Amino acid sequence: MSSTSCCQVQPPSYVTATPILRAVETCSTMAELKQHHSLILRLGLSTDNHAMSRVINFCSKHDQFHYALKVFNTIPNPDTFLYNTLLKSHFNSHSQTPFNVFLFYSHMLEQSLTPNSFTFPTLIRSCSFYKQVKQLHAHVIKFGFGSDVFALNNLIHVYFSFGSLDDARKVFDKMPEPNIVSWTTVISGYSNCGHVDEAFRVFELMSHKNSASWNAMIACFVQNNRFKEAFDLFKQMRVEKVELDKFVAASMISACTGLGALELGKWIHGYVERTGIELDSKLATTIIDMYCKCGCLEKALQVFNGLPRKGVSSWNCMIGGLALHGKGEDAIRLFREMEREMVVPDAITFVNVLTACAHSGLVEEGRYYFRYMTEVHGVEPAKEHYGCMVDLLARAGRLDEAKEVLDEMPMSPDASVLGALLGACKIHGNLELGESVGKRVVELEPGNSGRYVMLANIYASCGKWNQVAGVRKMMDDRGVKKEPGFSMIEMEGNVNEFVAGGRDHPLAKEIYVKVDEMLESIRLVGYVPDPDGILHDLVEEERENPLLHHSEKLAICYGLLKSKRGETLRITKNLRVCKDCHQACKLISKVYDRDIIVRDRNRFHHFSNGECSCKDYW
DNA sequence: ATAGGGTTAG
């Protein structure tokens with residue numbers, strides 16, 4: 001037998017390396033991986049691209065970009081695959097390690113490596129400038145991926161995210177064979193840019209839809225506050241027997257949150273439990289938020305307490321929910337518990353803690369946590385935190401101190417910060433400051449009708465009627481329409497909407513009879529219409545029905561008609577409840593012996609036995 | 001032999 005030694009063939013590394021590479025897959029921690037890594041090096045595989053890509057890929061899955069980069073830099077001849085793997089690792093990571101994706105890509109080209117079909121999707125999604133997208137688009141074509149759906153879908157996505165609808169649409173329209181992902185990307189692209197109707201046109205053109213497509217459209221309606229249409233689409237989806245997955249569940253629960261539709265929200269939550277849909281942290285947060293914002297704190301706490309693992313967002317959400325209900329002390333207690341459980345609070349946590357203080361009049365506590373946030377947790381105050389402090393102080397009547405915070409904040413105050421001060425000026429009757437702040441706010445947000453209304457209110461409360469008229473004229477000249485106020489109440493699975501003086505409801509006649517009866521019975525216990533809510537006078541259709549037929553009163557009467565004694569009425573209002581209705585609600589709760597929970601734009605009012613949970617502090 | 005796109009929180 002002749003010896004084979006002269007032509008001994010080394011088996012390819014992937015044959016010999018298989019066991020160790022498979023071992024890499026079974027690692028569960030980085031420490032384990034590092035051991036395997038050193039074993040790989042000892043086996044002489046340090047130049048084996050395949051082995052190294054497995055290692056890098058593992059780092060990628062464990063958000064260890066830093067280590068991935070270190071490994072990459074030791075590889076003598078990385079191939080396209082390795083470049084792709086590292087790009088992906090960077091894209092997935094939250095690491096702060098400085099890394100220039102585009103430099104890396106050009107380096108790859110300099111090594112005479114050609115990008116393949118896996119290169120562009122990641123690269124395109126890593127763009128931070130519009131120009132980069134344009135350049136990469138050219139490369140996609142140049143390297144022959146002009147018909148590659150993966151590359152093109154990513155281009156569509158990124159063009160939309162830079163607000164370039166035309167570029168995105170052009171790519172989509174020219175695609176030879178767009179797939180379901182392309183269509184869905186276009187729908188959510190339009191959605192994020194607020195083009196709901198265009199999104200819907202595209203949706204209707206789709207011949208094959210799956211859960212993701214339905215969800216994209218439902219989410220589109222939800223994100224653009226068109227909850228009713230989200231509900232309708234959901235019904236249709238159920239008829240067509242499309243799977244209700246966790247994404248659709250989450251979107252619909254948000255829709256319920258938007259409308260205050262507790263019953264449907266409960267049903268979907270029940271569905272999630274029945275069908276064993278995985279309750280991940282996002283879905284859990286959505287559910288908790290729904291219960292909080294639909295006025296059911298007990299249920300929210302129950303879900304929250306039942307979570308096996310609570311992430312920051314779950315804590316944030318629950319703390320925010322308590323704040324919304326004016327339960328400042330409870331919110332602070334929960335925050336303390338969060339710290340004990342060693343969950344690291346973030347900027348949002350403190351927004352919620354400070355909001356809780358503001359809504360409960362906990363001025364000293366608010367000041368304390370404002371300092372605490374930076375000193376103990378290293379969270380630098382952002383605009384929102386200053387906004388909370390302004391709100392906290394101003395609401396408590398310390399307008400001068402609020403003004404100080406405003407002047408001292410390092411960034412320029414935006415409309416929401418000034419708006420907080422403005423609202424407080426109204427409550428505490430500081431007309432001088434109110435006027436100057438009001439004018440600033442209007443100019444900062446010239447399209448926001450609420451700001452004009454607030455300014456007009458300030459003028460009205462000191463009898464400056466000429467200026468009130470001036471504000472109204474300014475709105476007309478600029479074509480700003482007051483956002484119409486409406487209230488909703490869910491009954492027998494339907495969401496009923498009411499506008500002031502509206503007569504569209506099928507039971508309008510009975511409702512108005514009930515309103516008259518109700519007004520009469522609260523008059524007997526001292527109700528006097530309070531015309532202070534002059535803002536409603538700014539709206540044509542409300543002028544005929546000042547105060548007495550505000551949407552919340554109509555919704556309550558409908559609720560009284562349709563529910564049994566002792567049942568709680570839950571009303572959702574899109575604007576803030578006015579002073580007159582607030583007073584009326586207190587009396588109704590007493591005369592009719594009903595709990596009434598009103599969620600307005602800012603917070604909850606829980607009326608019971610003649611009193612409100614906000615203690616008139618809102 | 002290894003990698004890929006769209007949909008959900010505060």
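Protein chains get the first letters and strands the later ones, always in sequence-line order, with residue 1 at the start of each. Every value quoted in this text rests on a predicted model; they were computed, and no experiment measured them.
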Reckon [X] touches a base, only the sugar-phosphate, or nothing at all at heavy-atom distances under 4.0 Å?
X	answer
A:N49	nothing
A:N57	sugar-phosphate
A:S117	base
A:S188	sugar-phosphate

Rounding to a whole Å, what distance do you find between [X]:[atom1] and [N]:[atom2]?
X	N	atom1	atom2	value
A:K246	B:dA9	NZ	C1'	12 Å
A:K310	B:dG10	NZ	P	19 Å
A:L322	B:dG10	CG	C1'	14 Å
A:L279	B:dA9	CG	P	15 Å
A:L244	B:dT8	CG	C1'	13 Å
A:M206	B:dT7	CE	P	13 Å
A:F145	B:dG4	CZ	C1'	12 Å
A:F120	B:dG5	CZ	C1'	15 Å

* Asked: Side-chain N or O of A:Q223 less than 4.0 angstrom from OP1 or OP2 on B:dT7?
  -> no
* Within the pair A:K88 and B:dG5, is there a side-chain N or O less than 4.0 Å away from OP1 or OP2? -> yes
* Asked: Does A:Y159 have A:R125 sitting over its ring (NZ/CZ under 6.0 Å from centre, angle to axis within 45°)?
  -> no
* To do: Check whether NZ of the Lys or CZ of the Arg A:K34 lies under 6.0 Å from the centre of the six-membered ring of A:Y67 and within 45 degrees of that ring's axis.
  => yes
* Closest heavy-atom pair and its distance - A:S182, A:N153 -> OG-OD1, 2.7 Å
* Asked: Does the base of B:dA9 carry an N or O that pairs as donor and acceptor with the side chain of A:T286 under 3.5 Å?
  -> no
* **B:dG6 base / A:T185 side chain donor-acceptor hit below 3.5 Å** => no
* Counting heavy atoms not belonging to A:E204, are there more than 12 under 6.0 Å from its CD? -> yes
* Which nucleotide, B:dG6, B:dT2, B:dT8, lies nearest any side-chain atom of A:R125? -> B:dG6
* Asked: Once the angle between the rings of A:F335 and A:H377 is folded into 0 to 90°, is it parallel (under 30°), tilted (30 to 60°) or perpendicular (over 60°)?
  -> perpendicular
